[in-house]
Amino acid sequence: MKKLTKLLEKIKNADFILVTLSTVACSAMSFIFSVYNKSVVATLPLGIYSTCLLAQTYMNYAQFGVLNAYNRDYPQMLGKGDMQEANKLKNTAITFMLMIYALIFVVFELWVAVHYHSVIGNDTYGTYYAFGYAMCPILILLKSFDDMSNATVRMNGHYNKSAIIGFIRTVIALIIGVVAINVAGYYGLYAMTLSSAALGILLFRSEAFKGARLTFDFPYMKAMIISGLPLLINSLIWTIVQSVDKFVILGFLSTEDLGVYSVPLMGFTTMVLVPQTISQVFYIKVSHLYGANNDENELLEKAAYFTRITSVISGAACIFVFYVMPVFVHFFMPMYTEGTAATQILVIGVGIYATTMLYGNIFSVLKLNKSLIANSVALCIFNAIFSSGLVLFVDRSINMVAIGTGISYALYSLLLIIKLSKRFKFSFWKLLINSWGPAVAIMVPGVAVYMMIR
């Protein structure tokens with residue numbers, strides 16, 4: 001009995017493992033859906049879908065940093081044991097988000113109705129655009145509250161509950177998505193995201209929103225905006241970074257090329273999701289730690305330990321995607337075979353970056369807002385220069401975009417290590433070995449073997 005109790009306690013303490021396993025399973029299901037929809041939907045409609053999602057991505061920033069402030073400060077309030085302040089943060093964030101997203105819904109739907117009224121039903125691709133843009137405010141409303149509810153459950157320490165619910169709702173959403181694609185083609189592309197977010201809100205509501213009430217405290221909202229705005233700006237710059245390759249393709253190539261580039265993006269998402277999830281869990285843990293002790297040295301030492309774990313998983317994830325994606329593309333997505341090489345190129349650079357995710361979060365925990373923004377601006381500049389430069393001066397292809405993006409992420413990772421070393425007077429080589437070391441040791445022989453046997 002004692003052994004069983006100890007085993008259960010160890011499982012509870014290693015909660016990030018269940019979260020990671022759930023994330024892997026959910027990622028696999030999302031991957032299956034992505035593969036399936038590319039076997040049904042052609043490259044041009046998928047390019048339109050990707051273009052519409054860009055609008056949805058930028059709508060997220062209409063919350064003006066309130067959600068960013070909540071995600072940073074809520075776990076620190078819990079660490080201090082200040083439940084009154086933690087609940088006030090939650091109530092204010094919920095109220096503000098409902099207000100702003102309701103306004104966006106009304107304004108954006110009116111714009112779609114006016115702008116596309118002459119093509120809806122008369123032009124196939126014009127109707128695709130109208131439908132996609134009309135879905136954006138609905139999706140962003142649901143997705144924002146889904147993310148908030150999931151994060152709240154994790155910040156309350158219930159990682160395992162988050163993992164189990166995440167798995168269940170993804171299974172249901174996958175079934176809905178596949179059926180919708182079969183029935184409606186292009187229009188069904190939005191079904192899995194829509195149903196997953198709605199199910200997340202429904203299943204997390206009892207804990208995430210229990211006792212929540214509308215709080216129209218406008219001075220407090222203003223304070224949250226001011227506090228979260230630097231994080232929002234940093235996140236916005238990150239979104240621009242992640243959009244640069246898409247804008248380069250739309251600007252210098254074509255919408256159909258953007259559809260093909262969805263394969264490298266799928267590889268990117270698959271590869272980065274596991275280390276990103278682990279990093280998010282560790283971010284909450286180090287936030288609790290720093291909120292309780294305010295010890296920067298302890299924070300950095302703990303981050304270095306967690307980073308070694310993330311690095312091993314990043315290297316393994318990179319090699320997995322590097323080997324698996326060409327097979328899937330060839331057998332299940334023959335319309336998208338032109339995206340295979342770009343996928344392999346991109347995941348290598350992103351694999352290096354993924355090892356230093358937690359290093360980037362340290363700047364957020366310590367509220368080093370200027371450094372946060374400067375780091376993200378640097379990545380944005382790197383990506384814009386390398387992606388557009390290679391396309392303009394070497395070859396107009398998505399492979400050049402992938403190379404430019406991969407180089408940019410690797411340089412950004414190195415920049416984080418350099419800045420942390422200088423800021424904390426911490427060994428540069430120790431930071432580098434803890435992050436890049438395990439991943440590179442896995443990736444180099446893995447890629448070498450692939451090149452010899454292909």
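By convention here, the first residue in the shown sequence is residue 1.
Note: Tyr128 and Tyr186 have parallel aromatic rings, judged against thresholds of 30 and 60 degrees for the angle between ring planes.
Minimum interatomic distance between Asp395 and Met400 (heavy atoms only, all atoms of both residues): O-CG, 3.0 Å. Residues Ile240 and Tyr58 approach most closely at CA-OH, 3.5 Å, considering heavy atoms. Counting all heavy atoms, side chain and backbone alike, Met135 lies closest to Leu194 at CE-CD2, 4.1 Å.
Side-chain N or O atoms of Ser195 include one that pairs as donor or acceptor with a backbone N or O of Met192 at under 3.5 Å. The backbone N or O of Gly132 sits nowhere less than 3.5 Å from a side-chain atom of Tyr49 that would complete a donor-acceptor pair. Side-chain N or O atoms of Tyr190 include none that pairs as donor or acceptor with a backbone N or O of Leu139 at under 3.5 Å. Of the possible polar contacts, none joining the Arg169 side chain to the Leu199 backbone as a donor-acceptor pair under 3.5 Å is found. The closest donor-acceptor contact from the side chain of Gln344 to the backbone of Phe322 lies under 3.5 Å. Checking side-chain atoms of Ser311 against main-chain N and O of Ala439 turns up a donor-acceptor pair under 3.5 Å. The backbone N or O of Ala402 lies less than 3.5 Å from no partner atom in the side chain of Thr405, so there is not a single donor-acceptor pair. The backbone N or O of Ala384 sits nowhere less than 3.5 Å from a side-chain atom of Ser387 that would complete a donor-acceptor pair. In this structure, His330 contributes its side chain and Val327 its backbone to no donor-acceptor pair below 3.5 Å. Thr355 places a side-chain N or O within 3.5 Å of a backbone atom of Ile352 that can act as its donor or acceptor partner.
Checking Ser254 against Asp257 by side-chain atom types alone, a donor-acceptor pair falls below 3.5 Å. Side chain to side chain, Thr152 and Tyr70 meet the donor-acceptor criterion of an N or O pair below 3.5 Å.
Annotation: side chain of Leu67 is not in contact with side chain of Phe96 (no heavy-atom distance under 4.5 Å). No side-chain heavy atom of Met59 sits less than 4.5 Å from a side-chain heavy atom of Leu141. You'll find the side chain of Phe428 reaches within 4.5 Å of the side chain of Ile418, heavy atoms only. For the pair Thr255/Leu44, a side-chain contact is recorded, criterion being any heavy-atom separation below 4.5 Å from C-beta on.
Residues meeting the ring pair (Phe, Tyr, Trp, His ring centres under 6.0 Å) test with Phe332, sequence neighbours left out: Phe328. Residues meeting the salt bridge (charged side-chain N to carboxylate O under 4.0 Å, His left out) test with Lys430, sequence neighbours left out: Glu301. By the side chain to side chain donor-acceptor pair (under 3.5 Å) test, Ser413 is found to be paired with Thr356, Trp436, residues two or more places apart in sequence or in another chain being considered.
Rounded to the nearest 0.5 Å, atoms NE2 (His115) and CZ (Phe108) are 10.0 Å apart. A distance of 9.0 Å separates CG in Leu189 from OG in Ser50, rounded to the nearest 0.5 Å.
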Chi angles and distances behind the ring pair (Phe, Tyr, Trp, His ring centres under 6.0 Å) call for Phe131, Tyr187: CA-CA 8 Å; Phe131 180 83; Tyr187 301 103; 4.9 Å; yes
Worked check of side chain to side chain contact (heavy atoms under 4.5 Å, CB included) between Ser435 and Ile417: CA-CA 9 Å; Ser435 54; Ile417 295 171; 3.4 Å; yes
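Between Tyr261 and the choices Val248, Asp245, Leu250, the side-chain contact (heavy atoms from CB on, under 4.5 Å) rule is met once, by Asp245.
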